[in-house]
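Written out below as structure tokens is the structure these notes cover.
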Amino acid sequence: MRIACFLLGAFLAIAQSAYAEVAAPPVLKPLARQAQAAELSAQFLSRYSYKPVPLDDALSARVMDQFIKSLDPDRMLFLQADIDKFMADRSEIDDAIERQDLKIPFAMFNAYQQRVVDRMTYARSLLKQGFDFSGKEDYAVLREKAPWPRSKAESDDLWRKRVKNDWLRLKLGGKDDAAIRETLDKRYENTLERAYKFKSDDVFQSFMDAYATSTDPHTDYFGAAASADFNVSMKLSLFGIGAVLQERDDYTTIRELVPGGPAQLSGKLAVGDRITGVGQGKDGPIKEVVGTRLDEVVQMIRGKKGSIVRLDILPADAGADGVHRVISLVRDKISLDKQAARKTVLSVKAGEATRRIGIITLPVFYEDFEAKNKGDKDYKSASRDVAKLLAELNQEQVDGVLIDLRNNGGGSLEEAIDLTGLFIGKGPVVQQRAGNGKIDVRSADLGKPAWTGPMGVLINRGSASASEIFAAAIQDYGRGVIIGEPSFGKGTVQTVVDLDQIVRNSKPEYGELKVTIAQFFRVNGGTTQLRGVTPDISLPGLSDPASFGETSFDNALPWAEIKPAKYKPEGDITALLPALQGRHEARIKDDQDFQRLLQDIADLKAQREKGVVSLNEAERRKEAAAREARFKARAEAGDGENLTGDDGLQADERSLSADIAMENARKKAKDILLDEAAAIVADEADLQGGTVKAAAQ
């Protein structure tokens with residue numbers, strides 16, 4: 001109770017002053033089932049993980065640090081006094097979990113809510129006076145390692161600079177003072193209101209995230225809602241209305257209609273329409289959802305296939321007091337095709353010839369586990385979809401194939417193995433070592449490859465897990481050229497454990513654990529853990545290895561090595577690498593788009609390392625003018641990009657039409673790295689002796 005008492009006392013003075021017109025957020029308390037789930041999770045993680053981590057004082061300290069970081073990553077909310085009080089219980093969390101007592105994390109979260117209310121109230125008060133941008137002053141935008149403010153005065157000055165920067169960004173974007181005040185007041189008000197919408201499950205999910213990742217970077221806890229979202233992401237399907245929703249000004253707004261979904265086929269909904277109420281069945285009462293959290297509205301709209309959901313709609317072109325209409329839609333299975341494999345064909349100059357390169361983009365290694373287990377012969381999976389696309393590319397007689405795995409964070413291991421089989425046929429793909437040291441070699445078993453011609457794999461820092469297994473196997477077999485950045489470096493295996501099933505609980509109360517149980521090793525004996533996959537031909541990237549990737553985790557497993565598996569390389573791509581590298585360097589040297597990209601990356605790195613921005617208007621306008629000049633030159637060069645400077649707005653603050661227009665412009669922008677990767681594969685085809693109709697042969 002020491003923490004709880006401190007929090008009430010510490011905020012009493014604030015409540016009488018800053019909160020004179022603002023109600024305190026609700027005090028959230030842990031539920032019995034949550035404390036039981038935490039203790040059950042601790043038992044499992046300390047015994048059955050790949051590298052079990054005992055629940056002791058050392059882990060308790062890491063959990064405390066991680067939880068604080070998740071609540072206040074930029075060190076903008078808490079005061080140093082708050083942190084000092086939290087640290088008094090830094091070694092107590094393990095004991096509290098064992099006795100099923102979650103008062104400590106809940107007291108911390110309640111303090112967090114109170115600080116959000118205080119800071120947003122103060123930020124809104126600053127908008128009345130405006131700012132002078134003629135002086136020399138800087139604002140630190142990177143504060144994850146900065147000290148917490150030691151006093152309210154320090155915190156006020158920090159937030160004054162933050163609000164001043166927000167104001168200046170909007171001013172540089174062309175807004176006048178009245179519009180800036182309105183925009184920022186609404187922005188801070190929205191953040192303030194979210195502090196009142198948190199629920200006990202949100203606190204518990206946040207705390208368990210901190211606990212799980214403190215044992216291992218890729219161990220996760222899923223409450224009931226998070227578990228449902230995880231399953232949807234793997235199946236690429238759900239029962240709903242077929243609409244992408246977005247929260248805008250307290251309204252759940254139609255952001256996009258999925259082609260072929262109930263909403264689009266009905267003709268009753270349009271982009272920009274606002275959902276103000278949701279009812280179940282033909283006659284069920286409609287519950288108002290204005291101001292309701294987006295995830296809760298989504299859960300209300302989802303339901304059983306064939307069931308009816310009724311929506312109270314405020315049309316996009318109607319005012320707040322406009323005429324509503326109620327529509328009925330029948331829920332159906334919606335295929336999330338944006339996450340499915342897709343293809344395109346590029347014509348690329350290579351040597352004296354023009355090569356046609358098939359591009360297959362795969363955002364995730366998906367598989368509909370449920371349909372597969374039911375014996376559905378047409379169940380959806382990544383490897384099945386890619387096999388169909390390869391058959392089409394074969395018919396189109398392309399000269400080479402490029403698999404684009406950028407930002408593919410992984411998914412089904414079986415799909416990674418099956419996908420590899422499409423290019424090697426039969427043979428070991430990955431080795432898997434369990435916690436007891438037993439090694440299992442997992443192999444592809446396809447009668448013959450679906451594609452035996454020139455190929456490449458494009459990866460970046462966001463390519464992880466299953467993506468790395470596939471890319472590493474292609475590299476070890478000499479089957480194709482790996483292009484891009486070093487990958488993420490996630491070389492561990494996770495499985496999902498239903499805690500309710502473990503204790504034979506009939507109700508879904510305790511959630512699920514995604515726990516690390518094994519480690520991946522390449523067929524050559526090395527692991528993809530920590531180091532990832534090193535490309536044969538390197539391309540630049542925007543990511544920061546210090547903050548993104550396995551090396552950014554202080555508790556990541558080290559790199560290791562075991563005996564190689566018995567496998568026979570399919571080719572020797574290494575013999576072509578000097579020529580491929582030479583052609584690549586010669587090409588990008590005269591490629592203005594590529595050189596501009598290198599300049600952009602250098603500028604971003606310099607800004608990242610600088611970590612501060614000027615609050616002087618003249619200096620910022622000079623910087624903005626330089627960016628605009630670069631964007632203009634790029635547009636005049638005809639690369640198809642439609643770039644603009646920073647308008648200072650967040651996504652939900654632009655008009656929906658403007659936001660969609662910007663998104664479409666980004667989609668149409670020239671993909672410089674993809675074009676260069678395709679050119680490298682075209683070179684590969686050229687160097688291997690001309691047009692190859694490999695699959696047909």
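Values in this document were obtained by computation on a predicted structure and should not be read as measured data.
- Residue E182 qualifies as open at atom CD: its count of foreign heavy atoms under 6.0 Å is 12 or below.
- A side-chain donor-acceptor contact under 3.5 Å links N110 to the backbone of L28.
- Looking at D157 and R160, a side-chain N of the basic residue comes within less than 4.0 Å of a carboxylate O on the acidic one, giving a salt bridge.
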- Please report the C-alpha distance between T516 and K51 in whole Å, then the side-chain angles of each, then the deciding distance to 0.1 Å, and finally whether the side chain to side chain contact (heavy atoms under 4.5 Å, CB included) criterion is met. CA-CA 8 Å; T516 299; K51 295 290 185 182; over 6 Å; no
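- Not one N or O on the side chain of R119 forms a donor-acceptor pair closer than 3.5 Å with the backbone of M76.
- For the pair I93/Y211, no side-chain contact is recorded, criterion being any heavy-atom separation below 4.5 Å from C-beta on.
- Within the 6.0 Å centre-distance limit, the rings of F131 and W167 are counted as a close aromatic pair.
- Between L499 and A37, the shortest heavy-atom distance links the atoms CD1-O, 4.3 Å.
- In this model, no donor atom of one side chain and acceptor atom of the other lie less than 3.5 Å apart for Q519 and T492.
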- Task: Show your reasoning for whether side chain to side chain contact (heavy atoms under 4.5 Å, CB included) applies to D166 and Y188.
- Result: CA-CA 11 Å; D166 289 346; Y188 303 147; 2.7 Å; yes
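- At distances below 3.5 Å, not a single donor-acceptor pair connects side-chain atoms of N190 with backbone N or O atoms of R187.
- To the nearest 0.5 angstrom, E468 atom CD is 8.5 Å from Q529 atom CD.
- Side-chain atoms of S487 do not come within 3.5 Å of backbone N or O of A464 as any donor-acceptor pair.
- A salt bridge is absent between K145 and D74; no separation between the charged side-chain nitrogens and carboxylate oxygens falls under 4.0 Å.
- Residues L126 and Q129 meet the side-chain proximity criterion, which asks for heavy atoms closer than 4.5 Å.
- One distance of note links CG of N165 with CZ of R620; it measures 4.5 Å at 0.5 Å rounding.
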- Task: In sequence, state the C-alpha distance, the side-chain angles, and the governing distance for D101 and R99, and then conclude on salt bridge (Lys or Arg N to Asp or Glu O under 4.0 Å).
- Result: CA-CA 6 Å; D101 181 356; R99 64 174 181 265; 3.6 Å; yes
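- Classified by interplanar angle (parallel below 30°, tilted 30° to 60°, perpendicular above 60°), the ring pair F44/Y48 is tilted.
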- Message: What verdict does the side chain to side chain contact (heavy atoms under 4.5 Å, CB included) test give for L413 and Q432, after you've listed the backbone C-alpha separation in whole Å, the side-chain angles of each residue and the deciding distance to 0.1 Å?
- Response: CA-CA 11 Å; L413 171 62; Q432 185 172 312; 3.4 Å; yes
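- Rounding to the nearest 0.5 Å gives a distance of 11.0 Å between CG of N408 and CD1 of I459.
- Residues L59 and P54 have side chains not in contact (no heavy-atom distance under 4.5 Å, counting atoms from C-beta outward).
- In this pair, F553 and F488 present their aromatic rings tilted. The plane angle is within the 30 to 60° band.
- Here the side chains of M108 and I104 are in contact, with some heavy-atom distance below 4.5 Å.
- Looking only at side-chain heavy atoms (C-beta outward), P486 and R531 stay at 4.5 Å or farther from each other.
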- Checking side chain to side chain contact (heavy atoms under 4.5 Å, CB included) for the pair V117/L192: CA distance, chi angles, key distance, verdict? CA-CA 6 Å; V117 170; L192 182 65; 3.8 Å; yes
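- Using a 4.5 Å heavy-atom threshold, the side chains of F109 and F207 count as separate.
- Side chains of E619 and S614: a donor-acceptor N/O pair is present below 3.5 angstrom, by distance only.
- Closest approach of G411 and A466 over heavy atoms only: N-CB, 4.1 Å.
- Residues S155 and L79 come closest through the heavy atom pair CB-CD2, 3.9 Å.
- The minimum heavy-atom distance between A111 and F78, with the atom names listed, is C-CE2, 4.1 Å.
- Q113 contributes a side-chain N or O that, together with a main-chain N or O of A195, makes up a donor-acceptor pair within less than 3.5 Å.
- Taking CG of D202 as the reference point, atom CZ of R194 lies at 12.5 Å (rounded to 0.5 Å).
- Judged by distance alone, the side chains of Y50 and D216 never bring a donor and an acceptor atom under 3.5 Å apart.
- In terms of modelled atom types and a separation under 3.5 Å, the side chain of T527 and the main chain of F520 share a donor-acceptor contact.
- Taking the side chain as every heavy atom from C-beta outward, L77 and L71 never approach each other to under 4.5 Å.
- Separating the CD1 atom in I469 from the CZ atom in F521 is a distance of 12.0 Å, to the nearest 0.5 Å.
- Listed by first and then second residue, the side-chain hydrogen bond (donor to acceptor under 3.5 Å, both in side chains) pairs that reach into residues 56-71 are D65-R90, sequence neighbours excluded.
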- Take Q205 and D201 through the side chain to side chain donor-acceptor pair (under 3.5 Å) test and state the conclusion after the steps. CA-CA 6 Å; Q205 180 69 55; D201 281 340; over 6 Å; no
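- Looking only at atom types and distance, the side chain of D82 has no donor-acceptor partner in the side chain of W148 under 3.5 Å away.
- Under the rule for a salt bridge (Lys or Arg N to Asp or Glu O under 4.0 Å), the partners of K171 that lie at least two apart in sequence or sit in another chain are E617.
- Taking the side chain as every heavy atom from C-beta outward, L168 and L172 approach each other to under 4.5 Å.
- Interatomic distance, K175 NZ to R169 CZ, rounded to the nearest 0.5 Å: 12.5 Å.
- Within 6.0 Å of NZ in K197 there are more than 12 heavy atoms belonging to other residues, nucleotides or ligands.
- Formation of a donor-acceptor pair under 3.5 Å by the R255 side chain with backbone atoms of L245 is not found in this model.
- What you find for S46 and P52 is that their closest heavy atoms are O-CB, 3.5 Å.
- When all heavy atoms are compared, the tightest approach of D500 to G511 is OD2-N, 3.6 Å.
- Ring planes of F198 and Y112: tilted class, angle from 30 to 60°.
- Q299 and D295 share no donor-acceptor pair across their side chains, judged by distance under 3.5 Å alone.
- Side chain to side chain, D84 and Q80 meet the donor-acceptor criterion of an N or O pair below 3.5 Å.
- A donor-acceptor contact shorter than 3.5 Å links the side chain of K164 to the backbone of D132.
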- Worked verdict on K128 versus D185 for salt bridge (Lys or Arg N to Asp or Glu O under 4.0 Å): CA-CA 10 Å; K128 301 173 183 178; D185 189 61; over 6 Å; no
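- Not a single donor-acceptor pair under 3.5 Å links the side chain of E512 to the backbone N or O of D220.
- Under a 3.5 Å cut-off, the side chain of E296 and the backbone N or O of R293 do not form any donor-acceptor pair.
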